[in-house]
Amino acid sequence: MSVSVKAILDAKGRDVVTAGGNTTVAEAAKLLNEKRIGAIVVVGMNSKISGMFTERDIVNAVAKHGAECLDKPIASLMTAKVQRCKEDTTTDELMEVMTLGRFRHVPVEEKGKLTGIISIGDVVKWRIREIEIEAEHIKAYIAG
């Protein structure tokens with residue numbers, strides 16, 4: 001039994017923190033910290049997804065460029081090839097994509113429009129919930 005991305009978004013909300021590509025690394029780091037999140041969806045014209053900027057991108061930028069990276073635009077350091085999912089994607093499918101791609105955040109897109117974001121924490125939370133429900137059903141069946 002695998003739940004859909006839509007069910008997760010309906011429960012947790014559809015708010016997504018976005019920023020333009022000209023946002024500096026310092027501004028993005030501040031936003032990540034203030035919102036207590038691990039990723040920002042970078043958007044371009046018409047709010048189309050143009051990339052993802054994550055905590056990992058900050059670490060890589062500092063390692064490669066030092067402190068001067070803080071003034072660089074995130075578009076120059078973001079992950080441009082973004083894996084997306086749809087609302088009918090299941091948690092099982094999403095876990096596989098996230099594991100194989102080694103990333104923790106996936107924007108949700110329907111008809112070219114950003115409709116939410118799913119983190120690995122969201123997927124794990126729902127998977128645990130599914131397992132707990134399944135265990136309860138098994139206990140009820142055994143108890144008769």
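FYI, the numbering just counts along the sequence from 1.
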query = Can you name the side chain to side chain contact (heavy atoms under 4.5 Å, CB included) partners of Thr89, sequence neighbours left out?
reply = Val5, Cys85, Lys86, Glu93, Leu94
request  = Would you please test Thr24 and Lys72 for side-chain contact (heavy atoms from CB on, under 4.5 Å) and show each step?
outcome  = CA-CA 5 Å; Thr24 67; Lys72 291 182 180 269; over 6 Å; no
Is there a side-chain contact between [X] and [Y] in this structure, where contact means two heavy atoms from C-beta onward sitting under 4.5 Å apart?
{"X": "Val43", "Y": "Lys48", "answer": "no"}
{"X": "Glu130", "Y": "Thr91", "answer": "yes"}
{"X": "Glu110", "Y": "Lys113", "answer": "no"}
{"X": "Ile118", "Y": "Val123", "answer": "yes"}
{"X": "Ile133", "Y": "Ile131", "answer": "no"}
{"X": "Lys64", "Y": "Cys69", "answer": "no"}
{"X": "Ser119", "Y": "Arg104", "answer": "no"}
{"X": "Val108", "Y": "Arg84", "answer": "no"}

ask   = Linking I/L/V/M/F/W/Y whenever any side-chain heavy atoms sit under 4.5 Å apart, do Val3 and Ile128 land together?
value =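 Yes, Val3 and Ile128 fall within the same hydrophobic cluster.
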message = Please tell me whether Val106 and Val82 are part of a single hydrophobic cluster in this structure, the criterion being side-chain heavy atoms less than 4.5 Å apart.
response =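 No, Val106 and Val82 fall in different hydrophobic clusters.
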key: Salt-bridge contact Glu134-Arg129 (side-chain N to carboxylate O under 4.0 Å)   = no
inquiry  = Could you check whether Lys30 pairs with Glu27 (Lys NZ or Arg NE/NH1/NH2 to Asp/Glu carboxylate O, under 4.0 Å)?
reply    = no
inquiry  = More than 12 heavy atoms of other residues, nucleotides or ligands under 6.0 Å from CG of Asp10: yes or no?
reply    = yes
ask   = Counting only heavy atoms not in Asn60, do more than 12 sit closer than 6.0 Å to its CG atom?
value =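 Yes, the 6.0 Å shell around CG holds more than 12 heavy atoms from other groups.
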message = Restricting to side chain to side chain donor-acceptor pair (under 3.5 Å), what partner residues turn up for Ser76, sequence neighbours left out?
response =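 None.
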ask   = Does one side chain, of Glu87 or Thr115, offer a donor that lies under 3.5 Å from an acceptor on the other?
value = yes
Whichever hydrophobic residues join Ile40 through chains of side-chain contacts under 4.5 Å = Val17, Val25, Leu31, Leu32, Ile37, Val42, Phe53, Ile58, Val62, Leu70, Ile74, Leu77, Met78
message = Taking Gly20's backbone N and O only, do any of them form a donor-acceptor pair with Thr23's side chain (distance below 3.5 Å, no angle check)?
response =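 Checked: pair present.
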ask   = Between Asp71 (side chain) and Glu68 (backbone), is there a donor-acceptor pair under 3.5 Å?
value =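 No.
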task = Show your working on salt bridge (Lys or Arg N to Asp or Glu O under 4.0 Å) between Lys6 and Asp88 and close with a plain yes or no.
result = CA-CA 6 Å; Lys6 182 182 183 320; Asp88 64 354; over 6 Å; no
